[in-house]
Protein chains: 2
Amino acid sequence: MSTYKEKKVITIGIVSELTGLSERRIRYYEERKLIFPDRSKGGTRKYSFTDIEKLMNIANHMEDGLQTYEIRKIQEKEEKEVRDQMIRGQLNAHFNMRK
Amino acid sequence: MSTYKEKKVITIGIVSELTGLSERRIRYYEERKLIFPDRSKGGTRKYSFTDIEKLMNIANHMEDGLQTYEIRKIQEKEEKEVRDQMIRGQLNAHFNMRK
DNA sequence: CGTGTAAGGAATTCTGACACG
DNA sequence: CGTGTAAGGAATTCTGACACG
C-alpha cells in the first residue's frame, strides 16, 4: 500500500524513457484498461514503478502478437490467482492458530 | 543502486506535495548543496524517494533552528559513519573467511 | 486494432531578481 | 539567511482528430 513501488509519482515522459514505449502507446494502454495512472489536479498522469513493470509486461505480450483485450484477460486471471493465494494464506493461518 | 527508492524520477511538484515543502525551499536546499536531483534533457529536476526522505530530515533540522551549512555538516558526518560501517563489514567478512 | 503525427492549449517547471528581515 | 512572489519564457503534458492498415 504505502510502499515506494506502488506510489503514483512518475510523469509520463519519464515512464516513456524507462520503458522505451512511446507516450502514445502508454496512453493507449490506459484507454484499453490495462493500466490506471492517477492524475494531478491539473490532469497530468502519474504512474508507479508497479505500473512501469506492468507496461514492460504488456509490451512483451504485444510483441507476441496478443491483442489488448487478451492481455487484459491474462491480467485478470493473474489477479485472481493472487487473490486465491491470499485466501489460502488466511486459511493456513487460521488452522495454524488452532494448532 | 538500481533500487526503486534511489531512482530519480519524481518531479518537483510531486515532491512538494509529498513533503509539504514549497518548491522554492526545495530548490534552495539544492543551491545549498543539501540535495542533488538529476535533470531531464530540458532541465526539469528529477528526485528520488531517498531525496524526499532527506528533505523531510532537512525540514526537521530547520525547525530546530539549524542553518543549512550546519545541516550539511551533519549530513557529511552521517555519510562518514556509513562508510566506516561498510569498512568494518568488509573487515569482518575478511576475517570470517579465514575462519 | 495499434500507433504515429501535427495542432492548439493548458499545466508544470525554470531562472534571475526584488523584497523582507 | 531563508523564503515568498511576480515575470517571462521554455519544457512537458493533454485531448481529439486524421492517417494507415
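A sub-4.0 Å separation between OP1 or OP2 of D:dG2 and a side-chain N or O of B:T68 is present. One finds a side-chain N or O of B:R39 lying less than 4.0 angstrom from the OP1 or OP2 phosphate oxygen of C:dT15. Contact annotation: A:T44 does not reach the phosphate of D:dC14 (side-chain N/O to OP1 or OP2, under 4.0 Å). For the pair B:S40 and D:dT12, the criterion of a side-chain N or O lying under 4.0 Å from OP1 or OP2 is met. The phosphate of C:dT3 has neither OP1 nor OP2 within less than 4.0 Å of any side-chain N or O from A:Y28. B:Y29 has a side-chain polar atom (N or O) that falls below the 4.0 Å cut-off from OP1 or OP2 of D:dT3.
If you take OG on B:S48 and NZ on B:K7, they are separated by 11.5 Å, rounding to the nearest 0.5 Å.
We find that CE of A:M62 is positioned 11 Å from P of C:dG4, with the value rounded to whole Å. The CD-P distance, from B:E30 to C:dT15, rounds to 8 Å in whole Å. Rounded to whole Å, the distance from NZ on A:K46 to C1' on C:dT12 is 13 Å. To the nearest angstrom, P of D:dT12 lies 17 Å from CD1 of B:I10. Atom CD in A:Q67 sits roughly 11 Å away from atom P in C:dT3 (whole-Å rounding). Summarising the geometry, the separation between CZ on B:R45 and P on D:dA10 is reported as 17 Å, rounded to the nearest angstrom. Atom pair B:E23:CD and C:dG16:P shows a separation of 17 Å (rounding to whole Å applied). One interatomic measurement links the two molecules: CD1 of A:I26 to P of C:dG4, which rounds to 10 Å at whole-angstrom precision.
Taking the side chain of A:R27 as heavy atoms from C-beta on, and the options C:dA17, D:dC14, D:dG2, the nearest nucleotide is D:dC14. Among the nucleotides C:dC14, D:dA17, D:dT3, the one closest to any side-chain atom of A:R24 is D:dA17. Comparing C:dG4, C:dC14, D:dG4 against the side chain of A:S22 picks out C:dG4 as the nearest.
In this structure, C:dT12 forms a base pair with D:dA10, meeting either the Watson-Crick or the G-U wobble geometry with both donor-acceptor distances under 3.5 Å. When Watson-Crick and G-U wobble pairs are counted only if both distances are under 3.5 Å, D:dC18 pairs with C:dG4.
Toward the 5' end of DNA chain D, the nearer of the two residues B:R32 and A:Y47, judged by each one's closest nucleotide, is B:R32. Comparing A:I12 and B:G42 by the nucleotide of DNA chain D whose heavy atom lies nearest to each, the residue mapping closer to the 5' end is B:G42. Both A:L66 and B:G43 sit near DNA chain C, but only A:L66 has its closest nucleotide nearer the 5' end.
Cluster annotation: B:Y69 is not connected to B:L34 through the hydrophobic network of ILVMFWY side chains, with a link wherever side-chain heavy atoms come within less than 4.5 Å.
Residue contacts for B:R25: at a heavy-atom cut-off of 4.0 Å it reaches the sugar-phosphate backbone alone, with no base atom in range.
A distance-only check finds a donor-acceptor pair linking the side chain of B:T50 to the backbone of B:K5 [under 3.5 Å].
Heavy atoms only, all atoms of each residue included: A:L21 and A:S16 are closest at O-OG, 2.6 Å.
Partner A:E30 forms a salt bridge (charged side-chain N to carboxylate O under 4.0 Å, His left out) with one of A:K54, A:R72, A:R25, A:R39 and no other, that one being A:R39.
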Trace of the ring-ring contact (aromatic ring centres under 6.0 Å, His included) decision for B:Y4 with A:Y4: CA-CA 7 Å; B:Y4 296 125; A:Y4 296 125; 9.6 Å; no

